[in-house]
Every structure is written in structure tokens, then in C-alpha cells.
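Below is one structure; the comments refer to it alone.
For the numbers below, each heavy atom of this structure counts, side chains included, while hydrogens, waters and symmetry mates do not. Read the numbers this way: they start at 1 and go in the same order the structure lists the ligands and their atoms.
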Amino acid sequence: MRILVTGGAGFIGSHIVDQIVAAGHEAFVVDDLSTGDTSNLPSDVPVFEVDIRNADQLRGVFIAVRPDAVSHQAAQMSVSRSVREPAYDAGVNVMGLLNVLGLALEQNVGRFVFASSGGVLYGDVDAAVPETHPADPISPYGISKWVGERYLQFYAREFGMQSVAMRYANVYGPRQNPHGEAGVVAIFCQKMLRGEQSTINGDGKYIRDYVYGVDVAKANIAALTKDIPSKFEPFNIGTSLPTDTNEIATLIHQECVAFRSDAPLPGRGPARAGDLRSSRIDFGKAQRILGWKPTVDLKDGIHETVAWF
Ligand code: NAD
């Protein structure tokens with residue numbers, strides 16, 4: 001299969017490219033390199049430096065690549081930037097998506113896989129929730145992911161496009177960008193290894209579902225290649241396990257001291273307005289239909305991540 005990965009030079013996208021190549025398919029990347037980096041990619045993977053908001057340039061990419069499937073990872077992925085600049089967020093995450101979707105339809109792409117977010121879609125939840133849980137996004141970023149899914153549903157119903165929404169939990173791992181949703185892992189790793197003081201907001205009892213980047217990439221390969229029961233399906237991609245900020249900080253610190261014995265423990269700062277108290281997702285549907293489950297436990301994943309940083 002020829003697979004076009006938008007945002008393929010980014011953290012998750014580049015792991016997807018690795019898995020595409022490992023599975024014997026051909027990968028092509030479109031990325032504006034705003035947060036991504038070609039050093040994340042194998043040197044022989046073609047990269048088109050194009051902004052997905054530019055429909056004309058994007059059409060050129062689709063005509064050159066003739067993809068069988070699209071993995072749409074490109075996004076404005078900072079929740080706080082979406083609050084400051086909701087129009088920019090919607091420009092990339094809604095209008096950009098519509099450009100990619102429209103070209104996928106025009107060029108007869110067989111399957112469209114979209115990076116959605118289980119971390120922001122469901123709002124505050126005190127258990128691991130399934131895909132049927134009502135959506136309640138509270139940030140412009142969450143709203144744009146939810147709107148994106150609705151457009152996928154529209155394209156599936158109206159034009160019969162096979163589409164899949166991957167609702168990631170908080171993804172962490174090597175190549176992670178400190179500005180994204182699970183940026184806390186990257187921020188703690190960077191600061192502790194530089195000997196700088198990091199900060200835990202409020203009481204640190206903010207529960208998240210941390211899932212390893214390579215596991216997420218493997219889920220994407222299943223979504224790109226396996227039989228899907230209907231024209232649009234959402235899948236939660238997480239571990240269902242609760243970890244709070246205090247626990248993740250301790251785990252990262254334990255790994256960092258192996259590289260820097262004076263790595264400082266984080267200090268305390270004020271609570272951040274709007275932070276969800278608890279966010280966890282149930283991956284049972286992905287296990288049943290995609291045959292996927294997370295394989296890397298948090299301790300091993302943090303070990304690899306700190307080593308990479
Ligand atoms: P990332 O910033 O590393 O990757 C995003 C990529 O998209 C980057 O390479 C960037 O250069 C590219 N990009 C941004 N705007 C673009 C534009 N206008 N045109 C072309 N390319 C553009 O972030 P990531 O964490 O790898 O996120 C990948 C996807 O997963 C995003 O859609 C994000 O919203 C989603 N997601 C991430 C997480 C997480 O925890 N990291 C959780 C839920 C969903």
C-alpha cells in the first residue's frame with residue numbers, strides 16, 4: 001500500500017512512518033515542519049514540505065503520490081494555543097482537515113485514518129470510558145477534534161469513504177514535542193536532565209492515561225489495514241490505567257538520576273485553570289476489532305523516553 005502521512009515528521013507521525021515501512025508498505029510524508037523535523041524520519045522516505053491549509057499545493061502532493069490510504073496526523077496540537085488562538089486552531093485542524101479529506105475523496109483514497117483525541121473529547125471522567133461516552137470537549141482544540149470526527153462521519157455517510165478516528169489518550173515517548181497534550185513527560189525529561197527546576201501544578205493529582213508512542217503507531221497500522229465493520233468507526237487508543245502527575249514525575253526522576261545524579265525534583269506551582277482532574281479511556285473496542293492492545297508498560301516506556309532525551 002502507498003500511505004500518505006500528514007504530519008509525518010512529527011512525534012506520532014514519524015513512529016507511524018516507521019511502522020508503515022516495517023510492515024512492507026510505502027510511506028510518503030506531507031508536513032510544514034512547524035513542529036516536526038525530518039531528522040525523525042528514515043532518509044529515503046519522500047517528504048513534501050506543504051501546509052495542509054494550502055489546497056493547491058496539497059493537490060500536487062496527492063497527484064504525485066496517488067495514495068491508497070491517508071493517515072492524517074498533522075494538527076495544531078497545543079490545547080493552550082487553541083485557547084489563545086482559536087481561529088488558528090480551527091484553520092489547521094478544521095479547514096486543513098477538510099482540504100485533506102476533500103482531496104482524499106477526489107483522488108479515490110480507500111481509507112482515511114484521523115488522529116483524534118480521547119484525552120480531550122470526553123471531559124472529566126472518573127473511570128476508563130468507552131467510545132459511546134458522550135463527547136464534552138471544553139477547549140477549542142477538543143472542539144476542533146470533535147468537529148473533525150463529525151466531518152469524517154459526513155464523508156462516510158454521504159460518499160461512502162472508509163474512515164477511522166483514533167482517539168489517543170496522552171501519548172508519550174521518544175521524539176515527543178514538549179508543547180503537545182502529553183507534553184508534561186517531555187517537559188519533565190528535558191528540565192530534569194538539564195538540571196532545571198520543573199513544576200507540578202496544584203496538588204499534582206491530575207489523572208491521565210499515558211500510552212507509548214510506538215504502541216499508538218502500531219494501532220494506526222491496524223486501522224489502516226484491517227477490516228472495519230462500518231464506514232466510520234472511532235477507537236480509543238490508550239491503556240485505561242490511571243497515573244497522576246506526582247507519580248509520573250517520580251518515575252521520570254528515578255530514570256533521570258541515572259544520567260544526572262543532581263537532577264532536581266519538581267517544585268510546586270499554582271493549579272492551572274481548566275485542567276481536567278481525570279481522563280482515562282477504555283481500549284476494549286480496539287482490542288476486539290483491531291486486535292490491538294498496549295504492550296509497553298509505563299516504567300519501560302519512561303526508561304526509553306528518558307534515554308532518548
Ligand atoms: P507533533 O507536533 O509532533 O506532530 C504534528 C505534525 O504536524 C508536526 O510534524 C507538524 O510540523 C505538522 N503540522 C502542523 N501544522 C501543519 C500544517 N498546517 N500543515 C502541515 N503539517 C503541519 O504532535 P503529535 O503529538 O505527534 O500529534 C500528532 C497528532 O496526534 C495530532 O493530530 C494531535 O492532535 C494528535 N494527538 C496527540 C496526542 C498526544 O498526546 N501527543 C493526543 C491526542 C491526539
So, are D203 and R277 salt-bridged, with charged N and O less than 4.0 Å apart? yes
Assess Q176 for proximity to ligand 1: is some non-hydrogen atom of it under 4.0 Å away? no
Minimum heavy-atom distance I207-P242, with the two atoms named: CG2-CB, 3.6 Å
Side chain, backbone, both or neither: the part of Y172 lying under 4.0 Å from ligand 1 by heavy atom: neither
Which atoms of ligand 1 sit under 4.0 Å from any heavy atom of A9? 9 (O)
Near G10, which atoms of ligand 1 are under 4.0 Å from a heavy atom of that residue? 3 (O), 4 (O), 8 (C), 9 (O)
Say whether S34 and ligand 1 are in contact under the criterion: heavy-atom distance to a ligand atom below 4.0 Å. yes
Heavy atoms of other groups near H303 NE2, more than 12 under 6.0 Å: no
Calculate, to the nearest 0.5 Å, the distance between atoms CZ and CG belonging to F114 and L152 respectively. 6.5 Å
Backbone, side chain, both or neither: what part of V30 comes under 4.0 angstrom of ligand 1, heavy atoms only? neither
Does a salt bridge link D18 with R175, judged by any charged N lying under 4.0 Å from a carboxylate O? yes
Heavy atom of G213 under 4.0 Å from ligand 1? no
Please find the pair of heavy atoms, one from I302 and one from E255, that lie closest to each other, and give the distance. CG2-CG, 3.9 Å
Within reach of ligand 1, part of H72 (heavy-atom separation under 4.0 Å): neither
